[in-house]
Amino acid sequence: MPDIATAPLRLTLPDGAVREVPPGTLPREVVLSIGERLLNAAVAVSVDGVVQDLRTPLRHGGAFRVHTDKDPESLPVLRHSAAHILATAVRRVRPDAHIGFGPAIDEGFYYDFEVATPFTPEDLAAFEAEMRKIMAEKLPFERAEVSREVAKTVFADDPLKLERIDDLGLDEIISTYTDGPFVDLCRGPHVPHTGWLKHVKLQSVAAAYWRGDSNRQSLQRIYGTAFWKKDELEQHLHRIEEAKKRDHRRLGKELDLFLFHPFSPGAAFWTERGTSMINSLHSYLREMQRDGYQEIKTPLLYNKALWEISGHWGKYKENMFLVLDNETGEHDISLKPMNCPSHHLMFAAKKHSYRELPLRYSTYDVLHRNELSGALSGLTRVRQFQQDDCHIYLMETQIADEVHRLVEMILGYYRTFGLTARLKFATRPEQRIGSDEMWDNAEAALRGALESTGLPFELKVGDGAFYGPKIDFDVMDSIGRAWQLGTIQLDYAAPDRFDLTYTGEDNTAHRPVVIHRAISGSFERFMGILIEHFAGAFPVWLAPEQIRVVPIVDDYATEARAAVTRMRAAGLRATCDDRNETLNYRIRESELMKVPYTAVVGKREAADGTLAVRVRGADGKKQEILSVDDFLTRVLEEVRTRALPDLSFLPEPTD
RNA sequence: GCUGACGUAGCUCAAUUGGCAGAGCACCUGAUUUGUAAUCAGGCGGUUGCGAGUUCGAUUCUCGCCGUCAGCUCCA
C-alpha cells in the first residue's frame, strides 16, 4: 500500500467552497456532507477532471465535482460497470472462461474472454439474460486495494490478468472490484451497485487478439452498450438501424451506382450513374484547379528501381501489387500505390526555374494497394482507387502562402457538400527519415502556415508521415461521423532522394520542398461518404439523373421527349419515363431513385408548354407548374451554384 | 492475414429431423391509357458461391477454396 501523505487535501467545490479532508477520505463521505440526496444521485466524482468512484480513497486535492447520471462523465462509468456485469454473467454461465480486458468505449463497452470454443449468438442471449438477473440482485461493487502478491493469488487462475499485473509499474496502486461472485483486476471507477444498470444490450461477438497482437492468442470479444434511460438506449439502437439504411453499400445497389465482383475484390465497378457522379466531382476539382495546376498522367506500372529510390520497396512492399516480369522471371515490377514518385520523375525530367514555382502537378490516376482481405469494406476500404492527388514543388519561403491557400481550397470544397472539417497538425513520428534539423524546419514552416489561417487545430504529436509533418482534415458528415479525408503533407525527404532541383535567381541549383495534398482522400471513399451523408438524395449538380420527365399517358410522350431534348441541350441529365405503367408507379420509382425533379406532362402541360414539377422527397407538396424555360433556368442556376438540397425533406429510406 | 457468422433466381428472402427448390419485386408478353409513391393476367428465370467427401438420396452433414459481413487495445 503506497504511503498516503498526511497533509489535508483541499477540495474546491463548483460553488467555490473549499473542504479540507484527510487523505484517504472516501468521496462518498464528502458527497454526503454536501447532501444526502446528492449522494443517492451520485455516480462518481472527479478531482481536477480525473473521474473516480465514490469508494476510491481521495489522494489529491483540487477541483471537486460530483457527477450524476446527467453528466457526460458518468456514462463511461456505467458502461464500465456493465462490462463487469457481463463478465460476471459469463463466468456464471461459462465458468471455464478466462477474463481479459473489459473497458468502456465510445459507443458502449466490450469484454474479452479466453474460451476453448467460441461464443454463439445463443450464448449472447443467455449472457444478457444472466446480466438482467445480476442487475436485479443489486450487488455492490466492492473496491479493494491489494498488494502485488495478493493480486497474483486472487487471479491465479486467470493468466491474462497475471500478465497484466506483471506489467503494472511498481508505484501503481493495484485495485480489485468485486460484484457478487466476480472479482476483477480493475482501476475503476464503478457505479455503487449492479442495480444502477437498467438498460443494457449485448450487440455482437467477434474475435480480438490479446492486446491486439496477431501473434498472440485470439480472444472472444463481446460488444454491448448501456444507457441510463430506456429511450436513450432505444434511440441509440434506432440510430444504428438508420445508419444501416443509409449504408453506402446498400444505397449503391439500390441507386445503381456501383457494384463489386468476387473476381476483383476491393475494386469497384462503377455503373453509368456512379460514373456520372465521379465525373461531376472531377469537373468541380478541375474547375477549382483551373488556375495554377497542371494535370498530368503517369504510368501505373514501375520497375522496382523507382520504389528503391522512393523508399517504398523497403517500407511499403507488403502493400504493393507485384507484377511478374516475363523476361527476368522476377516480380520486380509493381503497380503504383502512390503518385508521388512518378510526379518526382516528371519534375526531374526537365530543368526548372524558380520562376515556375510553385509548380503544381495534379492527377486522377488509378492506384493499387494490397490491403489485407479482411480489411476490405465497401467503398471505404478498397484495393484500387483514385486520389485527387497533387504534388506541389516550391521554395521554402512559399510554404506559408501555399498552405494557406490549400487550406482555404480544401475547406471550400467540403463546404460545397455541407461537410465541416476539423484540422489536425501531426508532428514527427518515431519511425522517420531525415535529420532532426530538417524536421524542425518542416514542422515550424507547416505550423506557421497553419496558424496564419487563424483556424483552430488539434495537435497530434508523433502522427506525421515518415517523410514529413502533415495537416489532416477530419470531416463530419450529416450524422456526425468523422472521416479523415484531406491531407497536406510537407516533404523535405523526397527532393533529396530524387535529387530534385530548380535554378534559383542566383543561377545555382536549389532543392525544392514538396507538398503532397489530397482533398477527398480517394474518390471511392469520398463517394461512400457522400452517399451516406446525403442518404442518396444528392444535390442537383451531383445527381446522376437530375430530371425525370413523366408523361401521364402516351398522348403527351412527344411533348415530354421534346422537353428532355431541350434539357439535355442545356447540359442537364434528363430522362423520359414513358413506359406503359401507371403514373403512380413511375412517380414512385423516380422518388425511390431519388431523382431531384420529376416533371409530369399531362393534357394541360402539353397544351401550355409547361411542366408539373415535383420536388424529390417533398411528398408531392412542393409541386409547381412552370414553363420549360423557367424550370430550366432554375435548375441550371442550382447546378451553377452547386446548391445543397433541402435535407429536411429527406425521406426515411424505404426498405 | 487471423477469429466467427453468412453465401439459395438480377434484388429481398422462404424451404420441418437430409426426401421433387418457393414467394414478392425486377425482366418479357398481353390487356389496360392512367393527374402525383406499386393496374391486372400470363411467362421467363436456379447443377442452391466453387470443388471434393459422407449417404440410396445433400440447399441441409464434413473438409478445402472463393467472396461478403463484423471484429482484431478507444490499455486492468
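No hydrogens, no waters, no symmetry mates; every other heavy atom, side chains included, goes into these values. Here is how names work: the chains are called A, B, and so on, in the same order as the sequence lines, proteins then strands, and each is numbered from 1.
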Taking the [atom1] atom of each, how far is [N] from [M], in whole Å?
| N | M | atom1 | answer |
| --- | --- | --- | --- |
| B:G24 | B:G67 | P | 35 Å |
| B:C13 | B:C56 | C1' | 32 Å |
| B:G71 | B:U12 | C1' | 26 Å |
| B:C50 | B:C6 | C1' | 16 Å |
| B:U16 | B:U73 | P | 39 Å |
| B:U60 | B:G43 | C1' | 31 Å |
| B:G18 | B:G57 | C1' | 8 Å |
| B:A76 | B:C69 | P | 31 Å |

Can you tell me the pairing partner of [N] across any strand shown, Watson-Crick or G-U wobble, with both distances under 3.5 angstrom?
| N | result |
| --- | --- |
| B:G19 | B:C56 |
| B:A14 | none |
| B:U68 | B:A5 |
| B:A38 | none |
| B:G46 | none |

For A:R579, report the nucleic acid contact type (base, sugar-phosphate, nothing); a contact means any heavy atom under 4.0 Å.
sugar-phosphate
What nucleic acid atoms does A:G108 come within less than 4.0 Å of, heavy atoms only: base, sugar-phosphate, or nothing?
nothing
Which is it for A:E545 and A:K594 under the salt bridge (Lys or Arg N to Asp or Glu O under 4.0 Å) test, yes or no, and what are the steps along the way?
CA-CA 9 Å; A:E545 182 181 351; A:K594 314 215 181 199; over 6 Å; no
Position toward the 5' end of RNA chain B (nearest nucleotide), A:I587 or A:T582:
A:I587
Which is more 5' along RNA chain B, the nucleotide nearest A:D247 or the one nearest A:S373? Just name the residue.
A:S373
To check you understand the geometry: which heavy-atom pair defines the closest contact between A:W196 and A:L78, and what is its length?
O-CD1, 3.8 Å
Between A:Y556 and A:A606, the two heavy atoms sitting closest are CD2-CB, 3.7 Å
In whole angstrom, give the distance that lies between atom [atom1] of [X] and atom [atom2] of [N].
| X | N | atom1 | atom2 | result |
| --- | --- | --- | --- | --- |
| A:E581 | B:A41 | CD | P | 14 Å |
| A:R586 | B:A37 | CZ | P | 13 Å |
| A:E114 | B:U3 | CD | P | 15 Å |
| A:D608 | B:G35 | CG | C1' | 14 Å |
| A:L124 | B:U3 | CG | C1' | 15 Å |
| A:K317 | B:G1 | NZ | C1' | 18 Å |
| A:D256 | B:A26 | CG | P | 15 Å |
| A:F119 | B:A70 | CZ | P | 22 Å |

The nucleotide from B:G67, B:U39, B:G35 with an atom nearest the side chain of A:R604 is B:G35
The side chain of A:K603 lies closest to which of these nucleotides: B:U68, B:A70, B:G35?
B:G35
For nucleotides 8-13 of chain B, tabulate all protein N/O to nucleotide N/O atom pairs closer than 3.5 Å, reporting atom names and distance.
unit_1	atom_1	unit_2	atom_2	d
B:U12	OP1	A:K253	NZ	3.1

Test item: [X] and [Y] side chains (from C-beta on) under 4.5 Å apart, heavy atoms:
| X | Y | answer |
| --- | --- | --- |
| A:T88 | A:P181 | yes |
| A:D247 | A:E532 | yes |
| A:L197 | A:S81 | yes |
| A:P192 | A:F141 | no |
| A:H331 | A:V323 | no |
| A:V540 | A:Y597 | yes |

Think [X] has a side-chain N or O under 4.0 angstrom from the OP1 or OP2 of [N]?
| X | N | result |
| --- | --- | --- |
| A:S377 | B:U68 | no |
| A:R249 | B:A70 | yes |
| A:R381 | B:C69 | no |
| A:N584 | B:U36 | no |

Base B:A37 to side chain A:R614, donor-acceptor N/O within 3.5 Å cut-off:
yes
Can you find a donor-acceptor pair, distance only, under 3.5 Å between A:E605 side chain and B:G35 base?
yes
Reading nucleotides 71-76 of chain B from 5' to 3' and marking B where a protein heavy atom lies under 4.0 Å of the base, S where only the sugar-phosphate is that close, and - otherwise, the string is BBBBBB
Salt bridge (charged side-chain N to carboxylate O under 4.0 Å, His left out) with A:E130: which of A:R92, A:R94, A:R91?
A:R92
Ring pair (Phe, Tyr, Trp, His ring centres under 6.0 Å), paired with A:F127, selected from A:F119, A:F113, A:Y223
A:F119
A:F227/A:H199 aromatic ring centres below 6.0 Å:
no
